[in-house]
Amino acid sequence: MADVELRSVTVTVAQERIQIRTDLPDSELADIVNFIDERFRRYEKYQMDIKKRLSLLAVELTSELFEVRKNMRRAKLFCEQMDKSAKDLSSLLEEGIEQPHKPI
């Protein structure tokens, strides 16, 4: 696997200015930061301090991540089952083609 070249970037996320190292293009990084900021702003109405808002956001995003992982496992299992069914059908078709037709 090739080494990924990381660059140093300063971003402001959830009212905090941080420096990160990333290989993401600026547009993708901006999309991520905007997504986090939009989700972070949802909690303004609860009048919590920033730490609690960040903790709540972390729990919410982690929950969503786990749900995506669960769905990916289900999709992988479904694809494996479909692949097995396709192979089984292919074998049955090949067996049918190899059988000589009997005259009626």
Worksheet item: Rounded to the nearest 0.5 Å, how far apart are CE of Met72 and CG of Leu65?
Response: 11.0 Å

Discussion item. Nearest 0.5 Å, please: how far is CZ in Arg39 from CG in Leu61?
Written reply: 5.5 Å

Item to complete: Hey, could you give me the CG/CG distance between Asp88 and Leu93, rounded to the nearest 0.5 Å?
Response: 11.0 Å

Discussion item. Test your reading of the model: is there a side-chain donor-acceptor pair from Ser85 to the backbone of Gln81, 3.5 Å cut-off?
Written reply: yes

Worksheet, complete the sentence: Nearest heavy-atom contact between Ala14 and Ile50 is O-CG2, 4.5 Å

Worksheet item: Do the side chains of Val68 and Phe78 join up, straight or via other hydrophobic residues, at under 4.5 Å, putting them in one cluster?
Response: no

Worksheet item: Is the shortest heavy-atom distance from the side chain of Leu29 to the side chain of Ile20 under 4.5 Å?
Response: yes

Practice prompt. Give the intermediate values and the outcome of side-chain contact (heavy atoms from CB on, under 4.5 Å) for residues Val11 and Thr22.
Written response: CA-CA 11 Å; Val11 294; Thr22 183; over 6 Å; no

Worksheet entry | Verify same cluster id: Tyr46, Leu54 (apolar side-chain graph, 4.5 Å) | yes

Discussion item. Is it the case that atom CD in Gln47 sees more than 12 heavy atoms from other parts of the structure closer than 6.0 Å?
Written reply: no

Discussion item. If you compare all heavy atoms of Asp37 against all heavy atoms of Thr12, which two are closest, and at what distance to 0.1 Å?
Written reply: OD2-O, 3.7 Å

Worksheet item: Has Glu5 got more than 12 heavy atoms of other residues, nucleotides or ligands less than 6.0 Å from its CD?
Response: no

Discussion item. If you compare all heavy atoms of Arg7 against all heavy atoms of Leu24, which two are closest, and at what distance to 0.1 Å?
Written reply: NH2-O, 2.6 Å

Worksheet item: Same cluster or not: are Met82 and Leu92 linked, directly or through other Ile, Leu, Val, Met, Phe, Trp or Tyr residues, by side-chain heavy atoms under 4.5 angstrom apart?
Response: no

Worksheet item: About how many Å separate CD of Glu64 and CD of Glu67, when rounded to the nearest 0.5 Å?
Response: 9.5 Å

Worksheet entry | Whether Ser90 side chain and Ala86 backbone form a donor-acceptor pair below 3.5 Å | no

Worksheet item: Charged N to carboxylate O below 4.0 Å: is that the case for Lys76 and Glu80?
Response: yes

Worksheet entry | Heavy-atom closest pair, residues Arg41 and Arg53 | CA-NH2, 4.2 Å

Discussion item. Just to verify, which of Val33, Ile32, Asn34 counts as forming a side-chain contact (heavy atoms from CB on, under 4.5 Å) with Ile36?
Written reply: Ile32

